[in-house]
Amino acid sequence: MIANLLKFVDSLLIGGAMAYTFMRAQASRPAVAGRGDKIELAKELLSKGSQLTLPVDHVVAAELKEGASFEVSRPFPTA
């Protein structure tokens with residue numbers, strides 16, 4: 001799906017759970033969780049240029065609930 005979208009857009013922001021697979025595909029982020037079965041595809045898509053924009057931080061919350069305590073983590077963890 002992403003490969004098809006890249007044919008029609010100048011830039012594509014990748015966020016949420018999908019971003020972890022792309023972060024894992026980057027050599028500088030080997031320990032980040034992500035879908036192991038999609039790592040090679042993510043590497044291929046990343047190698048096609050700078051059309052993909054990945055997060056520079058993430059939010060960690062104690063629970064998925066309005067008003068829950070949270071922390072913004074920068075940069076993405078490497079371990």
*Asks:* Give the minimum heavy-atom separation between Thr53 and Ser11, together with the two atoms involved.
*Replies:* OG1-OG, 3.5 Å
*Asks:* Take Thr21 and Leu41, measure what side chain to side chain contact (heavy atoms under 4.5 Å, CB included) needs, and give me the verdict at the end.
*Replies:* CA-CA 10 Å; Thr21 300; Leu41 176 59; over 6 Å; no
*Asks:* Does Met18 share a hydrophobic cluster with Val60, counting links as ILVMFWY side-chain heavy atoms below 4.5 Å and allowing steps through other members?
*Replies:* no
*Asks:* What residues form a side-chain contact (heavy atoms from CB on, under 4.5 Å) with Glu63, not counting sequence neighbours?
*Replies:* Lys65, Ala68
*Asks:* Quick check: closest heavy atoms across Pro55 and Ile14, and the distance to 0.1 Å?
*Replies:* CD-O, 3.2 Å
*Asks:* Suppose we screen for salt bridge (charged side-chain N to carboxylate O under 4.0 Å, His left out). Which residues come up paired with Glu40, at least two apart in sequence or across chains?
*Replies:* Lys43
*Asks:* Are Phe70 and Tyr20 linked, directly or through intermediate hydrophobic residues, by side-chain heavy-atom contacts shorter than 4.5 Å (ILVMFWY only)?
*Replies:* no
*Asks:* Looking at CZ of Phe22 and CD1 of Ile2, how far apart are the two atoms once the value is rounded to the nearest 0.5 Å?
*Replies:* 3.5 Å
*Asks:* What distance separates Met23 CE from Leu46 CG, expressed to the nearest 0.5 Å?
*Replies:* 9.5 Å
*Asks:* Identify whether Val56 and Leu13 are in the same connected component of the hydrophobic contact network (ILVMFWY, side-chain heavy atoms under 4.5 Å).
*Replies:* no
*Asks:* For a quick test of reading the model, state the closest non-hydrogen atom pair linking Ala25 to Ala42 and the distance between them.
*Replies:* CB-CB, 3.7 Å
*Asks:* What is the distance from atom CD of Glu71 to atom NE2 of His58, rounded to the nearest 0.5 Å?
*Replies:* 8.0 Å
*Asks:* Atom CD1 of Ile39 and atom CD of Gln26: how far apart are they, to the nearest 0.5 Å?
*Replies:* 10.5 Å
*Asks:* Shortest non-hydrogen contact from Gln51 to Asp10?
*Replies:* CG-O, 3.6 Å
